2 protein chains.
Amino acid sequence: MINQVTGDTRWRIVEAAMHLFWEKGYGSTSVADILGRAAINSGSLYHFFPGKQDVLLAVLEAYRTGIEQNLLEPNWRGVDDPIEKIFRLLGGYRDALVQTECTFACPIGSLALELHEPDPPVRELFAANFANWAKAVERCLKDAGKRLPASTDRRALAEFVLTTMEGAVMLASSHRDIAYFDRAVQQLRDYFNFQLRPAKTPARSRPQRRHKGKSHA
Amino acid sequence: MINQVTGDTRWRIVEAAMHLFWEKGYGSTSVADILGRAAINSGSLYHFFPGKQDVLLAVLEAYRTGIEQNLLEPNWRGVDDPIEKIFRLLGGYRDALVQTECTFACPIGSLALELHEPDPPVRELFAANFANWAKAVERCLKDAGKRLPASTDRRALAEFVLTTMEGAVMLASSHRDIAYFDRAVQQLRDYFNFQLRPAKTPARSRPQRRHKGKSHA
DNA sequence: CGGTAACTTGATTGATCATTCAACCAAGTC
DNA sequence: GACTTGGTTGAATGATCAATCAAGTTACCG
């Protein structure tokens, strides 16, 4: 998963912790779990990290620096239209949900809500991750140029895409039903269509039903 | 907090757990914490509940049955306009964020994301809580009658309000900044305004900036 | 008053947790 | 071949956790 130049111990720890925090959350992942998955001993972990929380910091740092390579690039490969890029990104989270039978998707969001009162450095990394994500969407919105009215607040709209994604993931995973995610994304699509003036890809100008039943894949 | 006919032990436990789960989450709340806050001994707790998880079930059940009395009624007192009711409800979450300096707001959402793989009964209570919340909003949307186009999918829109609230709470609490919440709600307001035909309260028909800086209260 | 059922007490249990540390090893340097 | 540096081993430590239970208390009922 992800990649790094070295296959050294430190990275094995981060990689293992990434997976486990994503799967079980921070609190429910024991150091022993990490040791097991990374196939090392406790002494090695504590050689590289002062404590469990510092592993979390490294994990969040890895997400932060890897957003381009591991999140945006795979989802945007071969996609040019900036608006479509946004919905491809959301599609990536949809895939994660489907692949895990709607149990988990966004690791940052889950961790952020789990740790209500994180130490300042942890909180700052959450914020930085969210900010980078929104910035990427904001770039798309700027690339969309005049297809969006000049009056549209691009930053607020980009944040709103993130808001929608996180909320949609929460509902879908709580219900164990991808349809909740799809309906939310469709609402967002409709919101976009209200604002977009038709480009190459003609935008439906009126809300239109989809996804009546459960999953659609 | 909340209320119940009796001030008996069982209710004291649920009340204490409600507060603690909200404040620290499920995993970080020890049974000892609950005992302390409820001012009882472990034997009493285990007399009423087979285990910690059953306390969680009771808490979720309490939220579920109390939504009308403890959530809707206080926020909707004196408000008639169904659309305004929706935004008053969101305002209630805003108040919770502000009062806790943006550390926590929606207990259900936090717990739902914390417990990735809850036992079926727990998961069902999460789903039921979300469903009731969305149903309340859906009722408002139906009460709005012809102010919304007939083509609008009221269920999907109601769910979208919930999606937005949960996502907005997550962003605001991660950044410790209420402005993230406000911007998201403003986007939702704009979305509504695209669809609403002007009622008594004339709806701004164009997005309009607000909240440039940090908090606005 | 005797009896019983509901409830409470709080020390105790055993598991699990994050963390520590002295001993060990391997590669590189002088 | 002595010494150092960077990394590894894994048993041990002490804290904390959810859960137990035998002994006690209270309230009600006949």
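These numbers come from the heavy atoms of this one structure, side chains and all, not from hydrogens, waters or symmetry mates. Predicted, not measured: the structure shown is a model, and the values here were computed from it. Residue numbers start from 1 in every chain, and the chains themselves are labelled A, B, ... in the order their sequence lines are given, proteins ahead of strands.
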Trainee: Determine whether the aromatic ring centres of Phe87(B) and Phe192(B) lie less than 6.0 Å apart.
Mentor: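 Yes, the ring centres sit under 6.0 Å apart.
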Trainee: Should His47(A) be listed as having a side-chain N or O under 4.0 Å from OP1 or OP2 of dT8(D)?
Mentor: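 His47(A) to dT8(D) OP1/OP2: no side-chain N or O under 4.0 Å.
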Trainee: What is the distance, rounded to the nearest whole Å, between atom CD1 of Ile40(B) and atom P of dA6(C)?
Mentor: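 Taking CD1 of Ile40(B) and P of dA6(C), I get 19 Å after rounding.
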Trainee: Ignoring the backbone of Ser44(B), work out which of dT9(C), dG7(D), dG10(D) is nearest its side chain.
Mentor: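 Nucleotide nearest to Ser44(B)'s side chain: dT9(C).
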Trainee: Could you tell me how far apart Gln53(B) (CD) and dC17(D) (P) are, to the nearest whole angstrom?
Mentor: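 Taking CD of Gln53(B) and P of dC17(D), I get 18 Å after rounding.
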Trainee: More 5' along DNA chain C: Gly43(A) or Val31(A), using each one's nearest nucleotide?
Mentor: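 Closest to the 5' end, via its nearest nucleotide, is Val31(A).
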Trainee: For the ring pair Phe181(B) and Tyr93(B), is the centre-to-centre distance below 6.0 Å?
Mentor: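 Distance test on ring centres: not under 6.0 Å, no.
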Trainee: Let me know the distance between CZ of Phe48(A) and P of dT9(D), rounded to the nearest Å.
Mentor: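 Distance check: Phe48(A) CZ to dT9(D) P gives 11 Å.
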Trainee: Return no unless some side-chain N or O of Tyr46(A) is found under 4.0 Å from OP1 or OP2 of dT19(C).
Mentor: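 Tyr46(A) to dT19(C) OP1/OP2: side-chain N or O found under 4.0 Å.
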Trainee: In plain terms, say whether Arg189(B) and Glu84(B) are close enough for a salt bridge, that is, a side-chain N and a carboxylate O under 4.0 Å apart.
Mentor: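 Salt bridge flag = yes for Glu84(B) with Arg189(B).
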Trainee: What's the CD1-P distance between Ile13(B) and dC7(C), to the nearest Å?
Mentor: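 My rounded result for the distance is 11 Å.
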Trainee: Less than 6.0 Å separating the ring centroids of Phe130(A) and Tyr180(B)?
Mentor: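 No, the ring of Phe130(A) stays outside the 6.0 Å limit from the ring of Tyr180(B), centre to centre.
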Trainee: Can you check the Trp11(A) CH2 to dG7(D) P distance for me, whole Å?
Mentor: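 That distance rounds to 17 Å.
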Trainee: Quick one: label Thr29(B) by what it contacts on the DNA or RNA (base, sugar-phosphate, nothing), any heavy atom closer than 4.0 Å.
Mentor: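 Touches sugar-phosphate only.
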Trainee: Distance check needed: dT19(C) C1' versus Asp54(A) CG, whole Å only.
Mentor: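 Distance, rounded to whole Å: 12 Å.
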Trainee: Provide, to the nearest angstrom, the distance between the NZ atom belonging to Lys52(A) and the P atom belonging to dT20(C).
Mentor: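 These atoms are roughly 15 Å apart.
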Trainee: Let's see if you can work this out: which of dT8(D), dT9(D), dT9(C) has an atom nearest to the side-chain heavy atoms of Asn41(A)?
Mentor: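 Of dT8(D), dT9(D), dT9(C), dT9(D) is nearest to the side chain of Asn41(A).
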Trainee: Between dC7(C) and Thr9(B), is there an OP1 or OP2 to side-chain N/O distance shorter than 4.0 Å?
Mentor: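 No, Thr9(B) has no side-chain N/O under 4.0 Å of OP1/OP2 on dC7(C).
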Trainee: Touch check for Ser30(B), heavy atoms < 4.0 angstrom, all strands: base, sugar-phosphate only, or nothing?
Mentor: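 Sugar-phosphate contact only.
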Trainee: Is Glu15(A) paired with Arg12(A) through a side-chain N to carboxylate O contact shorter than 4.0 Å?
Mentor: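 Not counted as a salt bridge, because no side-chain N and carboxylate O are separated by less than 4.0 Å.
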Trainee: Can you tell which of dT9(D), dG10(C), dC7(C) lies closest to the side chain of Ser42(B)?
Mentor: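 So the nucleotide nearest the side chain must be dG10(C).
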Trainee: Please report, rounded to the nearest Å, how far the P atom of dG6(D) is from the CG atom of Leu45(A).
Mentor: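 One finds 19 Å between P of dG6(D) and CG of Leu45(A), rounded.
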